[in-house]
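Please read all numbers here as calculations on a predicted model, not as lab measurements. Starting from 1, each residue takes its place in the sequence as its number. Remember, it's 1-based here, ligands and their atoms both numbered in the order they're listed.
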Amino acid sequence: MNIILLGPPGAGKGTQAQRLVDRHGMRQLSTGDMLRGAIKAGTPVGLEAKAVMERGELVSDAIVSALIGDELDAMGPDTGAIFDGYPRTAAQADSLDELLAARGRKLDHVIELEVDEDALVERIVGRFTCATCGKGYHDRFDPPKVEGTCDKCGGHEFKRRPDDNEETVRTRMAEYRAKTAPILPGYEARGLVARVDGMADIEAVSAAIEAIVAP
Ligand code: AP5
Ligand code: MG
Ligand code: ZN
């Protein structure tokens with residue numbers, strides 16, 4: 001199965017992708033996470049992406065599509081893929097079709113998380129992740145069960161993203177409206193789009209996604 005999770009910054013793509021991984025053993029392909037990994041590793045891609053991401057603008061189509069192609073090649077043919085934060089432009093949507101076709105894969109669902117933009121800033125400024133295993137949390141909406149200890153790996157160190165500030169979030173939302181939302185009608189014409197209320201609580205959103213991927 002190959003699924004796209006689509007929605008603006010803070011919609012819950014990463015949160016729901018992690019849950020799909022846990023439930024179905026699928027693989028999360030997050031271009032944002034890959035780019036942050038490249039920055040941390042100091043690779044040429046990371047050097048190019050760093051300032052662009054700090055401004056909240058989009059990294060070049062060629063870079064992100066190459067990252068996705070490499071990840072697809074590294075996974076078994078039977079492992080399902082969850083595309084999180086990719087594609088984000090019409091050119092990326094075309095590239096994804098080619099990347100999948102070349103590997104005998106096809107898109108099953110494009111799940112749009114519908115959210116109210118005003119709530120997203122609060123979600124994003126309250127977000128943090130485990131520095132050891134990467135599990136995502138929120139100060140108010142999804143805190144660790146024991147304060148200061150990761151539920152998943154027991155780690156005690158957490159981190160916040162440098163682009164998770166109000167100003168950058170506004171740019172990221174504008175980029176979403178201008179470049180990413182316009183790819184939806186094409187998927188709709190192919191009968192692939194399912195909409196989920198992303199304003200519901202995390203469990204309810206997971207249940208709605210579950211009803212789409214494993215009816
Ligand atoms: P990326 O990392 O993809 O960030 P994004 O799209 O801005 O999305 P986020 O990760 O901020 O949000 P999310 O939907 O994953 O929300 P989450 O689940 O964490 O991209 C970052 C940057 O990289 C881009 O700006 C760009 O520069 C570059 N980039 C990446 N991909 C690219 C591409 N394809 N092309 C070009 N450039 C690219 O949830 C947020 C918080 O809310 C969490 O704390 C969570 O606990 C909480 N939460 C989640 N769901 C709920 C809920 N239902 N109720 C209450 N709280 C909730
Ligand atoms: Mg994310
Ligand atoms: Zn952890």
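For atom 43 (C) of ligand 1, the nearest protein heavy atom (residue, atom name, distance) is Y137 O, 3.8 Å. The protein non-hydrogen atom at the shortest distance from atom 27 (O) of ligand 1 is E57 O, 2.5 Å. Scanning the protein heavy atoms around atom 31 (N) of ligand 1, the nearest turns out to be T31 OG1, 2.7 Å. R161 NH2, 3.5 Å is the protein heavy atom nearest to atom 21 (C) of ligand 1. Nearest to atom 9 (P) of ligand 1 among the protein's heavy atoms is R127 NH1, 3.2 Å. When only non-hydrogen protein atoms are considered, atom 23 (O) of ligand 1 lies nearest to M53 CE, 3.2 Å. For atom 6 (O) of ligand 1, the closest non-hydrogen atom of the protein is R88 NH2, 2.5 Å. Atom 49 (C) of ligand 1 has T15 OG1, 3.5 Å as its closest protein atom, hydrogens excluded (heavy atom only).
In this structure, E188 pairs ionically with R195, as a charged nitrogen and a carboxylate oxygen lie closer than 4.0 Å. Between R160 and D139, at least one side-chain nitrogen of the basic residue sits less than 4.0 Å from a carboxylate oxygen of the acidic one, meeting the salt-bridge criterion. Contact check on E117 versus R170 returns no salt bridge, with no Lys/Arg side-chain nitrogen under 4.0 Å from an Asp/Glu carboxylate oxygen. Salt-bridge check for R103 with D73: passed, with a basic side-chain N closer than 4.0 Å to an acidic carboxylate O. Comment: R36 engages D33 in a salt bridge, judged by a side-chain N to carboxylate O separation of less than 4.0 angstrom.
Taking every heavy atom of Q92 and a limit of under 4.0 angstrom, the matching atoms of ligand 1 come to 33 (C), 34 (N), 35 (N), 36 (C). Every atom of ligand 1 with a heavy atom of G85 under 4.0 Å away is listed here by number and element: 31 (N), 32 (C), 33 (C), 34 (N). Of all atoms in ligand 1, listed by their number and element, those nearer than 4.0 Å to a heavy atom of G198 are 53 (N). Short contacts between ligand 1 and R36, defined as distances under 4.0 Å to a heavy atom of the residue, involve ligand atoms 2 (O), 21 (C). In summary, the atoms of ligand 1 found under 4.0 Å from a heavy atom of F141, numbered by their order in the structure, are 55 (C), 56 (N). Heavy-atom contacts of D201 reach the following atoms of ligand 1: 53 (N) (cutoff under 4.0 Å).
K106 and N2 get closest at one heavy-atom pair: O-ND2, 3.0 Å.
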Item to check | Stepwise side chain to side chain contact (heavy atoms under 4.5 Å, CB included) check, T171 with R55 | outcome: CA-CA 7 Å; T171 306; R55 288 196 300 272; 5.7 Å; no
Checklist entry - What do the steps show when you test I124 against R172 for side chain to side chain contact (heavy atoms under 4.5 Å, CB included), and what is the final call? => result CA-CA 11 Å; I124 283 180; R172 283 155 57 195; 3.8 Å; yes
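Ligand 1 has G10 within reach: a non-hydrogen atom of the residue lies less than 4.0 Å from it. Assignment of A11 to the shell around ligand 1 is supported, since a heavy atom sits closer than 4.0 Å. Residue-ligand proximity: A119 is placed with every non-hydrogen atom at 4.0 Å or more from ligand 1.
Inspection of the environment of the Zn ion (ligand 3) yields the following protein N, O or S atoms under 2.8 Å: C130 SG, C133 SG, C150 SG, C153 SG.
Annotation: G14 places an N or O atom under 3.5 Å from an N or O atom of ligand 1; distance criterion only. Note: no N/O pair closer than 3.5 Å links D164 and ligand 1 by distance alone. Between G12 and ligand 1, at least one pair of N/O atoms sits closer than 3.5 Å. Looking at ligand 1, you won't find any N or O of D33 less than 3.5 Å from one of its N or O atoms.
Side-chain contact, E122 with H138: no donor N or O sits under 3.5 Å from an acceptor N or O.
Ring planes of Y137 and F158: perpendicular class, angle over 60° (limits at 30 and 60°).
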